[in-house]
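Reckoned from all heavy atoms, side chains included, excluding hydrogens, waters and symmetry mates.
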Amino acid sequence: MTHTEQADRPSRLSADHRVVEGVRVVTLRGEIDHDVQDVLRGALLGADGAGPARIVADLSGVTFMDSSGINVFVAAHQQVSTEDGWVRIAGAQQSVLRVLQLVGVDTLIPCHPTTEQALTA
């Protein structure tokens, strides 16, 4: 089953999610900034914040991410880690991957070239 959530401005960020063998796979498209951080948080953790403890975020369709997105990813990582879960990032475009590397998020949250690799890592 796939579910889509959109911010007030649909061109900013869209998030589709599905569950693959107990892993929440979230495919994001657009830009991640302060205006859409609640959409991102809901997509990663579910509306009630009690989603699966294992999450793969496919960022192949994300063209921009600022510190708001980084904060949401770190908070999601911290939340699921308390449940022996994990967050993995897949397919980040070079500009987004560079931001993740500059602030060291890639040392906390593993980044993989593809969703398939993130699922099997």
Review point. Is a donor on one side and an acceptor on the other found under 3.5 Å between the side chain of R24 and the backbone of A43?
Key: yes
Review point. How far does OG1 of T115 sit from CZ of R88, to the nearest 0.5 angstrom?
Key: 12.0 Å
Review point. What is the minimum heavy-atom distance between H112 and A121, and which atoms define it?
Key: CE1-CB, 3.4 Å
Point to revise | Residue pair I55, H77: steps toward the side chain to side chain contact (heavy atoms under 4.5 Å, CB included) verdict | key: CA-CA 9 Å; I55 303 164; H77 165 77; over 6 Å; no
**Study point:** Beyond-backbone contact of W86 with V23, side-chain heavy atoms, under 4.5 angstrom
**Key:** yes
Point to revise | Working for side chain to side chain contact (heavy atoms under 4.5 Å, CB included), residues V99 and D66 | key: CA-CA 8 Å; V99 170; D66 69 7; over 6 Å; no
Review point. How long is the gap from CG on L108 to CG on L100, to the nearest 0.5 Å?
Key: 10.5 Å
Practice item. Take Q37 and N71 through the side chain to side chain contact (heavy atoms under 4.5 Å, CB included) test and state the conclusion after the steps. Key: CA-CA 9 Å; Q37 65 184 347; N71 291 337; 5.7 Å; no
**Study point:** Under 3.5 Å: donor-acceptor pair, side chain of R54, backbone of E21
**Key:** yes
Exercise for review: Of all the heavy-atom pairs spanning V96 and T63, show the shortest one and how long it is.
Suggested key: CG2-C, 4.1 Å
Review point. Has the side chain of R41 got a donor or acceptor atom that lies under 3.5 Å from a matching backbone atom of A75?
Key: no
**Study point:** Shared hydrophobic cluster for I32 and F64 (ILVMFWY, side-chain gaps under 4.5 Å)
**Key:** no
Check your understanding: side chain to side chain contact (heavy atoms under 4.5 Å, CB included) between I70 and M65: does it pass, once the steps are laid out?
Key -> CA-CA 8 Å; I70 290 167; M65 182 167 65; 4.2 Å; yes
Practice item. Please round to the nearest 0.5 Å and tell me the distance separating atom CG of L40 and atom OG of S68. Key: 9.5 Å
**Study point:** Check: V87 and L44 side chains under 4.5 Å, non-hydrogen atoms
**Key:** no
Check your understanding: Once you round to the nearest 0.5 Å, how far does CG of D106 lie from CG of L97?
Key -> 7.0 Å
Point to revise | R29 CZ to D58 CG distance, which is reported to the nearest 0.5 Å | key: 8.5 Å
Point to revise | Between CD1 on residue I89 and CZ on residue F73, distance to nearest 0.5 Å | key: 4.5 Å
